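Single-structure report; data block below.
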Amino acid sequence: MRTASFCLAALLAVAGLLPAAAPAGAPNFPARDFEGGNRVPAWQIALKPAEAGLVRFRLSSPRGVVIAEGTLKSAAPVIVLPAFGELKGEYGLAGPVTIGQRSRPMQVLIGPSRKGAPCEDSNGKKYGQAVFIAIGDERDPDTLYYGCGEYTQP
């Protein structure tokens, strides 16, 4: 577990999702769609702005099998995890999701890659944004996804 925590911490630092000094406000998600994910483990997320402060999402595994879908609200762009402390991004989303007939909290954090160090998925493809998803108890989630993505062009 320590090795996994160290590796995830290194990936987050490279991606630009760094420890935060203090929680920020909840900026509205941009008016562009976002698509992201990773290859190992394989997962994808599609985010589509709905009305102000709301975003429709679809989280899926390989071959398009839906893990969860629904609507999330804009939230402070901070996720607090015991192993990493506060992680801060540019946009945050949060809300309940139903997975396996069980409602659980889900948080999404998106932030730009650091200048000169783009987010890189497990296949080595480079992206301008990093995405981090935590599902489960807000202070100790049981499911974590880390990957990269891009906003669609207007």
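The first residue in the sequence is number 1, and the count goes up from there. On a predicted model such as this, the values are computed, not experimentally measured, just so you know.
Of all heavy-atom pairs spanning Ala134 and Leu144, the tightest one is CB-CD2, 3.8 Å. The heavy-atom pair separating Ala117 from Ser113 by the smallest distance is O-CB, 3.7 Å. Scanning all heavy atoms of the two residues, the minimum distance from Cys148 to Glu120 falls at SG-N, 3.4 Å.
The aromatic rings of Phe132 and Tyr146 are tilted relative to each other, their planes meeting at an angle between 30° and 60°. Ring geometry for Tyr91 versus Tyr151: interplanar angle over 60°, hence perpendicular rather than tilted (30 to 60°).
By the side chain to side chain donor-acceptor pair (under 3.5 Å) test, Ser122 is found to be paired with Asn38, residues two or more places apart in sequence or in another chain being considered. Take Val66 and apply the side chain to side chain contact (heavy atoms under 4.5 Å, CB included) test, not counting sequence neighbours, and it matches Arg58, Glu69. Under the rule for a ring-ring contact (aromatic ring centres under 6.0 Å, His included), Phe57 has no partner lying at least two apart in sequence or in another chain. In this structure, the side chain to side chain contact (heavy atoms under 4.5 Å, CB included) partners of Lys125, at least two apart in sequence or on a different chain, are Asp121, Tyr127. In this structure, Arg39 has no salt bridge (Lys or Arg N to Asp or Glu O under 4.0 Å) partners at least two apart in sequence or on a different chain. Glu138 is linked by a side chain to side chain contact (heavy atoms under 4.5 Å, CB included) to Pro105, Gln107, counting only residues two or more places apart in sequence or in another chain. With sequence neighbours excluded, the residues forming a side chain to side chain contact (heavy atoms under 4.5 Å, CB included) with Arg104 are Ile99, Arg102, Ile135, Asp142, Thr143, listed by chain and number. Residues passing the salt bridge (Lys or Arg N to Asp or Glu O under 4.0 Å) test with Asp33 are Lys48, sequence neighbours excluded. Among residues two or more places apart in sequence or in another chain, the side chain to side chain donor-acceptor pair (under 3.5 Å) test is passed with Arg56 by Thr71. Considering only residues two or more places apart in sequence or on other chains, Lys73 meets the salt bridge (Lys or Arg N to Asp or Glu O under 4.0 Å) condition with none of them.
In this structure, Leu109 and Val131 have side chains that are not in contact, with every pair of non-hydrogen atoms separated by 4.5 Å or more. Annotation: side chain of Val108 is not in contact with side chain of Val55 (no heavy-atom distance under 4.5 Å). Proximity of Ser61 to Ile67: side-chain heavy atoms (C-beta onward) are separated by under 4.5 Å at one or more points. Considering only heavy atoms from C-beta on, Val97 stays 4.5 Å or farther from Ser103 through its side chain. By the 4.5 Å heavy-atom criterion applied to side chains, Pro77 and Lys88 are counted as neighbours.
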When you look at Ile133 and Leu59, which way does the side-chain contact (heavy atoms from CB on, under 4.5 Å) test go after all the steps? CA-CA 10 Å; Ile133 301 171; Leu59 178 63; 4.1 Å; yes
Checking Leu87 against Val78 for the side-chain contact (heavy atoms from CB on, under 4.5 Å) test, could you report, in this order, the C-alpha distance in whole Å, the side-chain angles of both residues, the deciding distance, and whether it holds? CA-CA 5 Å; Leu87 302 175; Val78 174; over 6 Å; no
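Among residues at least two apart or in separate chains, there is no disulfide (SG to SG under 2.5 Å) pair with a member in residues 29-98. Judged as a salt bridge (charged side-chain N to carboxylate O under 4.0 Å, His left out), not a single pair has a partner in residues 144-154 (not counting sequence neighbours).
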